[in-house]
Amino acid sequence: MKLYKLLENKKKRIKHLWKTKEYALFYDKKDWLLKFPNVSKDVLETNDDFKIIQANILILSLLNKNKIEKRAKKYLTLSDEEKNNYDIYHDLPYFVSKEGEVIYIPCFPKALNMIYAKDAMKLNEPPYDALKKDFVASLIDPFDEYGFQIYDSLFSRLLKVGEKDEVAFFYHVDFANIYVINDQGRLDVKISLFDKYMHHINKNGMVERIKPIIDAYNQNDKKALVDALLTQDLISGRMHHLIYKKERKFKRNQFRIKGTK
């Protein structure tokens, strides 16, 4: 039985994808993704929520790049008094690496990030001024580089709710999903919460309610996970029954297949 796919198929659409802040950013700036060699045009039309989360990390990276370059140029036109009160990095999302480095452009190598984060005036001079237009060759995959840590930053709206070994667990308020992300920055599992049979959706105290699900997942105990989803009011009784019904049917079919050998 494909539990996670069943949860996704029966999910209640609490908030339509296109009404979320994630989608608004994605829809407005998605053409920027074409600058990344490894991003296919298919992504521009995606309705996959996790792909949109990843896409927005890339988009925010390039937004930061543009803002830092423009602010560094503006800095040259300011008076000495204005320069004292001018913060190039005001309101920009950032990420702190394991080494303690502040990363404003995770899709750039660390060496270039050092320039953008600590010596932005160099962006007004050769050779760094060429990066304003000619930067595609400098792009890296931030998910490969930083793993699940990039999601635990201001580049993401995900809330980290747990970590064990080489995976981390995140919750997204609007999408109402738990994402299990590995240390390569890729999605292992999506656990969809709140099914279409639920009349009332309670989102209070989600962090504590999710913990039993994480514990069961880490113990590789599917029964405990399904039962915890019910006791924590994250699926309905009808959905709980449906899961076990399909599980019993799956086991019967497996028995029949084995019996014919």
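Along the sequence shown, residues carry numbers from 1.
Considering only heavy atoms from C-beta on, Ile88 comes within 4.5 Å of Met121 through its side chain. Contact check for Tyr75 versus Tyr86: side-chain heavy atoms found under the 4.5 Å cut-off. Phe194 has its side chain within reach of Lys203: a pair of non-hydrogen atoms, C-beta onward, lies under 4.5 Å apart. The shortest distance between side-chain heavy atoms of Tyr244 and Lys223 falls below 4.5 Å. No side-chain heavy atom of Asp215 sits less than 4.5 Å from a side-chain heavy atom of Asp221. For the pair Leu193/Met206, a side-chain contact is recorded, criterion being any heavy-atom separation below 4.5 Å from C-beta on. Taking the side chain as every heavy atom from C-beta outward, Arg13 and Lys11 approach each other to under 4.5 Å. The shortest distance between side-chain heavy atoms of Ile105 and Leu112 does not fall below 4.5 Å.
Residues Glu99 and Ser97 bring a donor and an acceptor atom of their side chains to less than 3.5 Å of each other. Side-chain contact check for Asn64 and Tyr94: no donor-acceptor pair (N or O, by modelled atom type) lies under 3.5 Å.
When every heavy atom of Pro142 is checked against every heavy atom of Leu58, the shortest pair comes out as CG-CD2, 3.7 Å. When all heavy atoms are compared, the tightest approach of Cys107 to Phe36 is CB-CE2, 3.8 Å. Minimum interatomic distance between Leu78 and Glu82 (heavy atoms only, all atoms of both residues): CA-OE1, 3.5 Å. Nearest heavy-atom pair across Ala117 and Tyr104 is CB-CD1, 3.8 Å. Contact detail for Lys222 and Leu3: the closest heavy-atom pair is CG-CD2, 3.9 Å. Across every non-hydrogen atom of Lys132 and Leu123, the tightest pair is CE-O, 3.7 Å.
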*asked:* Asp233 vs Met198, test: side chain to side chain contact (heavy atoms under 4.5 Å, CB included). Steps then yes/no.
replied: CA-CA 9 Å; Asp233 197 25; Met198 301 180 78; 3.7 Å; yes
*Could you go step by step and tell me if Asp49 and Asp174 meet the side chain to side chain contact (heavy atoms under 4.5 Å, CB included) rule?*
CA-CA 10 Å; Asp49 44 84; Asp174 285 342; over 6 Å; no
*Test side chain to side chain contact (heavy atoms under 4.5 Å, CB included) applied to Thr20 and Phe175, step by step*: CA-CA 8 Å; Thr20 63; Phe175 296 155; 3.8 Å; yes
*Quick one: do Phe95 and Asn113 satisfy side chain to side chain contact (heavy atoms under 4.5 Å, CB included)? Show the steps, please.*
CA-CA 11 Å; Phe95 165 68; Asn113 267 285; over 6 Å; no
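Under the 4.5 Å side-chain heavy-atom criterion for Ile, Leu, Val, Met, Phe, Trp and Tyr, Phe50 and Val180 are members of distinct hydrophobic clusters. Cluster membership for Leu60 and Leu92, using ILVMFWY side-chain heavy atoms within less than 4.5 angstrom, is shared. Two different hydrophobic clusters hold Val173 and Leu17 under the rule that ILVMFWY side chains link at heavy-atom gaps under 4.5 Å. Linking Ile, Leu, Val, Met, Phe, Trp and Tyr whenever their side-chain heavy atoms come within less than 4.5 Å puts Ile178 and Ile235 in one cluster. Tyr89 and Leu131 fall within the same hydrophobic cluster, where Ile, Leu, Val, Met, Phe, Trp and Tyr residues are linked whenever their side-chain heavy atoms come under 4.5 Å apart, directly or through other members.
Distance NZ/Lys41 to CG/Leu33: 13.0 Å, rounded to 0.5 Å. Here Lys65 contributes atom NZ and Tyr116 contributes atom OH; the two are 4.5 Å apart, rounded to the nearest 0.5 Å. To the nearest 0.5 angstrom, Leu25 atom CG is 4.0 Å from Asn56 atom CG. Between the CZ atom of Arg209 and the CG atom of Leu229 there is a distance of 10.5 Å, given to the nearest 0.5 Å. Note that CE of Met239 and CG of Asp195 are 5.5 Å apart. Values are rounded to the nearest 0.5 Å. Taken from CD1 in Ile201 to OG in Ser236, the straight-line distance is 9.0 Å, to the nearest 0.5 Å.
Heavy-atom neighbours of Asn84 CG from other residues, nucleotides or ligands within 6.0 Å: above the threshold of 12. At most 12 heavy atoms of other shown residues, nucleotides or ligands fall within 6.0 angstrom of atom NZ in Lys74. Sparse packing is recorded around NZ of Lys35, with 12 or fewer heavy atoms of other residues, nucleotides or ligands lying under 6.0 Å away. Residue Lys73 places its NZ atom among 12 or fewer non-hydrogen atoms of other residues, nucleotides or ligands, all under 6.0 Å distant.
Using cut-offs of 30° and 60° on the angle between ring planes, the pair Phe26 and Tyr23 is tilted.
Look at Lys211 and Glu208 and you find a salt bridge, because one of the NZ, NE, NH1 or NH2 atoms lies within 4.0 Å of a carboxylate O, short of that distance. The pair Lys67-Asp91 fails the salt-bridge criterion, with no side-chain N (NZ, NE, NH1 or NH2) lying under 4.0 Å from an Asp/Glu carboxylate O.
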Give every donor-acceptor pair under 3.5 Å between a side-chain atom in residues 144-169 and any protein atom, sequence neighbours left out.
| unit_1 | atom_1 | unit_2 | atom_2 | d |
| --- | --- | --- | --- | --- |
| Asp144 | OD1 | Arg186 | NH1 | 3.0 |
| Tyr151 | OH | Gln54 | NE2 | 3.0 |
| Tyr151 | OH | Gly185 | O | 2.6 |
| Ser153 | OG | Ile150 | O | 2.6 |
| Ser153 | OG | Phe155 | N | 3.2 |
| Ser156 | OG | Tyr151 | O | 3.2 |
| Ser156 | OG | Leu158 | N | 2.9 |
| Lys160 | NZ | Glu163 | OE1 | 2.4 |

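In this structure, Asn177 contributes its side chain and Tyr179 its backbone to no donor-acceptor pair below 3.5 Å.
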